[in-house]
Amino acid sequence: MGTHFYNPAEGGDALLWQHLFWFFGHPEVYIIFLPAVGMVSTILPAFVGRPLFGYMLLVMALITTGVLSFGLWVHHMFTVGLPRLGESFFTASSMSIALPAGVQIVCWLATLWAGKPVYKTPLLFVLGFIVTFVMGGLTGVMVASVPFDTQVHDTYFVVAHFHYVLIGGAVFPLLAAIHYWFPKITGRMMSERLGRWSFWLIFSGFHLTFFPMHLLGLLGMPRRIYTYQPELPWAGLNLFVSLSALILFAGFLIFFVNILRSWNDGLPGGDNPWGATTLEWATASPPPSYNFRRIPVVSGREALSAGEEDLPVVAGLRTDRRELLVTSVVEALPQARESSTSDSVWPFWAAVATSVLFIWSIFTPWAVVWGSIPVAVTLVGWFWP
Amino acid sequence: MRDRVVLDASGLPLHGSGAESPTWWATLAFMLIEGTGFALAIAVYLYLMSLAPEWPLQAPPPDLWAGTSLTLLLIASVVPNILVGRWAQQRNLRRVRIGLVVMTLLGIAPLILRAFEFTTLNIRWDDNAYGSILWMLLGLHTTHILTDVVDTVVLACLMFSRLGDNTRRFGDVEDNCLYWNFVVVAWLPLYGCIYWLARL
Ligand SMILES: [Cu+2]
């Protein structure tokens with residue numbers, strides 16, 4: 001059998017591969033989504049003029065999502081004929097992930113509710129994210145149920161669902177983040193006027209393109225087809241989808257034009273154009289390669305406060321070698337000055353050796369034995385002071 | 001913004017030990033990951049055992065002598081191991097050097113016994129599911145002994161070189177001792193599964 005674990009002709013099992021793929025594939029969705037949660041939670045307070053509501057709750061919900069995400073993968077395999085108990089368990093776990101997601105949404109809405117929102121482009125994209133992601137979450141709870149999933153499995157309903165959660169949950173926050181951090185990266189603001197245009201075209205274009213796919217799925221249109229018989233009742237909606245995609249495209253076109261134009265000709269933004277309270281806004285825009293001359297001291301959740309001219313910093317670290325401060329876990333009291341690694345080519349060779357080992361092991365299990373020798377050599381080289 | 005100095009770090013030590021050292025946390029995290037790996041492998045063993053009509057499956061249980069003497073040797077090695085950790089904490093270079101040589105030998109000896117263990121399992125890894133999980137458990141643990149021996153040898157070379165007398169390196173020795181304790185403790189449930197659950 002060698003390493004043909006998934007090859008039925010060699011005594012392997014293709015279903016094993018499907019399990020392995022989705023055991024990776026489902027958490028991967030959250031690997032895409034969780035950074036977006038961080039972006040939204042960082043951007044939102046800057047535009048409502050108040051700290052995040054329920055910060056602790058939000059962080060716990062985020063961790064819960066991360067843990068739960070490892071126990072859901074079988075909801076992609078409801079139609080392969082698994083035992084009933086398994087299907088029930090994975091229905092329950094898939095639905096339960098809506099709880100921490102709901103907690104996060106409530107925290108963001110409460111932050112908006114309690115603050116005074118200033119509707120600049122980054123906030124518009126955050127709002128677009130909330131609307132779109134909630135809709136994708138709702139269809140997510142629907143497809144978590146086995147009877148419903150059996151109906152829409154491999155149809156356009158699923159295509160609609162995952163575009164709502166992934167474009168809604170990751171691309172909208174990413175667009176918000178680009179507009180938000182662009183002045184930090186380049187020192188220049190993106191155009192608000194073009195930003196609004198791109199937001200409304202992307203938002204409406206997205207929903208006009210992807211909402212009808214729910215209906216197409218319910219009408220039975222399968223995924224992964226390039227054409228179908230003319231008598232099937234899908235042509236009108238598909239034409240509508242194709243035309244709407246042009247609106248979406250126009251929105252992205254304006255977005256890219258905005259980036260190109262603002263890169264050199266945008267208005268200067270200064271160090272902290274949004275009056276934000278996180279640390280990156282305390283340094284120059286664009287930041288120097290060393291970020292800060294001295295390590296800043298942060299004494300609360302808000303690193304910066306309005307109107308403050310001084311940045312509290314640590315002195316006494318050496319300037320002739322890389323040093324970093326080791327602190328206690330909870331109180332962050334300084335404990336030691338640890339030397340930080342210097343430039344080294346060993347991590348690169350370690351990565352090459354590891355890649356060779358894994359790719360080689362596709363062909364023979366002995367690769368794990370012989371391939372581990374160069375891996376060990378490079379790791380020792382990396383470790384050696 | 002203008003820098004306002006509120007803290008002076010120049011008096012801090014160049015290396016902390018225990019929870020003050022990043023590599024200690026890294027070792028801890030590594031033990032957590034590897035411990036999860038062992039727990040999953042044991043879960044697979046128990047799962048297969050619960051499904052099988054008889055256990056061990058179509059084979060006599062593994063012979064006791066190699067595994068048991070290896071277990072005793074591993075337990076005994078904890079004593080010098082803890083001593084080396086203590087000497088590293090005291091920055092006693094001479095004793096640490098001697099201790100690392102002793103720990104290298106105490107790492108190689110179990111590997112020799114382990115070779116005999118593989119020959120006395122009474123089943124091949126591709127005979128059936130029982131054979132597979134048995135070789136899996138033993139192979140997984142052997143990898144851990146092997147990596148720690150390599151680690152100890154590298155550290156021994158380092159401590160005999162002129163780079164050895166350094167707080168950071170003594171911290172590495174302490175972390176290595178911590179990890180060897182983990183390798184020993186992780187073996188005990190595996191030993192129970194492989195040799196005694198198969199005799200129930
Ligand atoms: Cu999934």
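This structure is a prediction, so every number in the text was calculated from the model and none was measured. Chain naming here is simple, since letters A, B, ... match the order of the sequence lines and numbering starts at 1 in each.
Aromatic rings of B/Phe118 and B/Trp135 (six-membered ring for Trp) have centroids within the 6.0 Å cut-off, being under it. Between B/Tyr45 and B/Trp55, the distance separating the two ring centers is shorter than 6.0 angstrom.
Aromatic ring pairs are classed by plane angle as parallel below 30°, tilted from 30° to 60° and perpendicular above 60°; the pair A/Trp73 and A/Phe23 is perpendicular. Under the 30°/60° scheme for interplanar angles, the aromatic rings of B/His141 and B/His144 are found to lie parallel.
For A/Leu333, the CG atom sits in a packed shell: over 12 heavy atoms of surrounding residues, nucleotides or ligands are nearer than 6.0 Å. More than 12 heavy atoms of other residues, nucleotides or ligands shown are found within 6.0 angstrom of CZ on B/Arg97.
Looking only at atom types and distance, the side chain of B/Ser17 has no donor-acceptor partner in the side chain of B/Trp24 under 3.5 Å away.
Contact annotation for B/Leu163: only side-chain heavy atoms (C-beta onward) come within less than 4.5 Å of a heavy atom of chain A. Only the side chain of A/Val380 has a heavy atom closer than 4.5 Å to any heavy atom of chain B. Heavy atoms closer than 4.5 Å to chain B are found nowhere in A/Thr327, neither backbone nor side chain. Both the backbone and the side chain of A/Asp310 come within contact range of chain B, each with at least one heavy atom under 4.5 Å from a heavy atom of that chain. Of the atoms belonging to B/Leu155, it is side-chain heavy atoms, and not backbone ones, that fall under 4.5 Å from chain A. Residue contact with chain B, scored on non-hydrogen atoms closer than 4.5 Å, involves the side chain of A/Val297 exclusively. Neither the backbone nor the side chain of A/Phe292 comes within contact range of chain B; no heavy atom of the residue lies under 4.5 Å from a heavy atom of that chain.
Within residues 166-182 of chain B, the residues having any heavy atom under 4.5 Å from a heavy atom of chain A are, by residue number, B/Arg168, B/Arg169, B/Asp172.
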Go through the steps to decide whether A/Arg322 and A/Asp343 satisfy the test salt bridge (charged side-chain N to carboxylate O under 4.0 Å, His left out), and finish with yes or no. CA-CA 10 Å; A/Arg322 292 179 192 169; A/Asp343 299 336; 3.0 Å; yes
Does B/Tyr130 form a side-chain hydrogen bond (donor to acceptor under 3.5 Å, both in side chains) with B/Glu54? I'd like the steps, not just the answer. CA-CA 10 Å; B/Tyr130 163 71; B/Glu54 45 157 6; over 6 Å; no
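Chain A forms the most heavy-atom pairs under 4.5 Å with one residue out of B/Val150, B/Asp8, B/Asp3, and that residue is B/Asp3. Ranked by non-hydrogen atom pairs under 4.5 Å with chain A, the options B/Asp126, B/Leu158, B/Asp151 are led by B/Leu158. When A/Ala336, A/Ala376, A/Ala282, A/Ser372 are compared by the number of non-hydrogen pairs under 4.5 Å with chain B, A/Ala336 comes out ahead.
Proximity of a side-chain donor or acceptor of B/Thr68 to a complementary backbone N or O of B/Trp65 within less than 3.5 Å is not detected.
Minimum interatomic distance between A/Pro334 and B/Leu12 (heavy atoms only, all atoms of both residues): CB-CD1, 3.7 Å.
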